[in-house]
Amino acid sequence: EAGVAQSPRYKIIEKRQSVAFWCNPISGHATLYWYQQILGQGPKLLIQFQNNGVVDDSQLPKDRFSAERLKGVDSTLKIQPAKLEDSAVYLCASSLAGAYYEQYFGPGTRLTVT
Amino acid sequence: QKEVEQNSGPLSVPEGAIASLNCTYSDRGSQSFFWYRQYSGKSPELIMFIYSNGDKEDGRFTAQLNKASQYVSLLIRDSQPSDSATYLCAVKAGDMRFGAGTRLTVKP
């Protein structure tokens with residue numbers, strides 16, 4: 001079974017630029033999560049989708065972050081414009097519907113904002 | 001504010017010893033509790049989860065939950081060098097909240 005795929009794996013941008021990350025969950029997983037993990041901290045949930053609907057985006061900085069999952073499969077997370085404090089690893093995870101207790105994480109995208 | 005607190009470590013134990021990792025949480029409405037392992041530069045992987053007070057064992061791992069004390073722990077028996085990693089405690093009360101992790105080093 002293929003795991004969660006993410007791209008790119010690494011990205012370096014200057015502040016005020018835009019960036020987008022892509023995630024393809026495990027086949028059949030209805031729930032998709034985006035997390036931000038700053039160095040030395042635990043992951044912080046940014047947004048959770050169930051199919052193509054948003055379940056929780058309470059910690060998403062909506063003035064600069066946006067995410068979509070239009071067809072209920074793959075998802076894109078965008079930052080526009082980026083700030084220095086956005087430097088982090090962005091992790092995508094997926095699970096079967098309702099199975100929040102068994103999330104599978106992708107390899108992450110390491111973003112550096114200079 | 002829903003907080004999940006862990007001792008950042010590093011915690012160092014000799015090979016074959018028991019490693020004890022601790023976590024406290026602030027939200028009494030928390031329902032589910034998780035332990036993840038994260039190797040350096042890798043993504044987290046689930047070790048186990050626990051819902052009810054008491055102990056839950058899975059191989060060399062035992063999770064212990066005390067809701068009255070708002071405390072959850074992970075014991076690793078017969079620690080191996082391959083167990084050297086950061087261990088993340090996560091708590092679900094509505095959304096999922098992670099602690100900052102405890103770095104464990106198992107010395108041969």
Side-chain angles (χ1 to χ4, degrees), chain A residues 1-10 21 23-26 29 31-50 54-61 67 77 88-96 98-112, chain B residues 1-11 21-27 29-52 56 58 61 63 65 72 74 85-105:
Chain A
E1 178 183 81
V4 177
Q6 290 187 248
S7 68
R9 293 294 312 278
Y10 305 91
F21 313 126
C23 172
N24 187 254
I26 291 172
H29 281 195
T31 307
L32 185 147
Y33 314 79
W34 282 104
Y35 289 89
Q36 178 194 59
Q37 187 172 23
I38 293 171
L39 186 65
Q41 299 182 18
K44 182 179 84 170
L45 179 67
L46 294 176
I47 190 167
Q48 177 183 339
F49 291 96
Q50 175 87 357
V54 175
V55 174
D56 184 354
D57 64 356
S58 57
Q59 296 194 88
L60 185 73
L77 177 70
V89 175
Y90 290 84
L91 294 163
C92 179
S94 71
S95 71
L96 292 170
Y100 60 85
Y101 47 84
E102 198 161 13
Q103 297 181 30
Y104 294 86
F105 284 83
T109 296
R110 183 176 298 276
L111 173 67
T112 301
Chain B
Q1 182 72 16
K2 303 173 187 175
E3 298 289 347
V4 180
E5 302 287 344
Q6 296 182 254
N7 187 323
S8 62
L11 173 66
L21 303 160
N22 305 314
C23 173
T24 59
Y25 60 94
S26 62
D27 189 340
S30 301
Q31 305 152 348
S32 315
F33 308 85
F34 306 80
W35 284 101
Y36 285 82
R37 177 176 60 200
Q38 187 171 29
Y39 292 112
S40 181
K42 302 295 185 183
S43 54
E45 51 184 342
L46 181 67
I47 298 173
M48 62 192 306
F49 57 88
I50 186 167
Y51 297 131
S52 305
K56 180 180 179 182
D58 185 359
F61 299 96
L65 174 61
V72 58
L74 180 70
T86 295
Y87 289 80
L88 299 166
C89 172
V91 173
K92 182 167 174 62
D95 61 350
M96 187 85 98
R97 301 271 173 155
F98 284 79
T102 298
R103 187 155 54 95
L104 172 67
T105 300

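Side chains included, hydrogens not; waters and symmetry mates left out as well; all remaining heavy atoms used. Chain A is the first sequence line, chain B the second, and so forth, proteins listed ahead of strands; every chain is numbered from 1.
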All heavy atoms of Phe105(A) vs all of Pro44(B), minimum pair found to be CD1-O, 3.4 Å
dist Phe49(B):CZ -> Tyr100(A):OH (nearest 0.5 Å) comes out at 8.5 Å
Between the NZ atom in Lys92(B) and the CG atom in Leu45(A), the distance rounded to the nearest 0.5 Å is 8.5 Å
Bottom line for Gln37(A): the part with an atom under 4.5 Å from chain B's heavy atoms is side chain
Nearest heavy-atom approach of Ser43(B) to Pro107(A) is OG-CA, 4.3 Å
Within the supplied structure, the quantity of interest is the number of heavy atoms (other residues, nucleotides, ligands) at a distance under 6.0 Å from Tyr39(B) OH; does it exceed 12? yes
Chain A shares the most heavy-atom pairs under 4.5 Å, among Met96(B), Glu45(B), Arg103(B), with Met96(B)
Under a 4.5 Å heavy-atom criterion, the part of residues 88-95 of chain A in contact with chain B comprises Leu91(A)
In this structure, CD of Gln103(A) is separated from CG of Leu46(B) (nearest 0.5 Å) by 9.0 Å
Turns out that what part of Gln38(B) lies under 4.5 Å from chain A's heavy atoms comes down to side chain
Closest non-hydrogen contact found for Pro43(A) with Leu88(B) is CD-CD1, 3.9 Å
Those residues at least two apart in sequence (or on a different chain) that pass ring pair (Phe, Tyr, Trp, His ring centres under 6.0 Å) with Phe98(B) are Tyr35(A), Tyr36(B)
Tightest non-hydrogen contact, residues Asp95(B) and Ser58(A), listed as OD2-OG, 4.5 Å
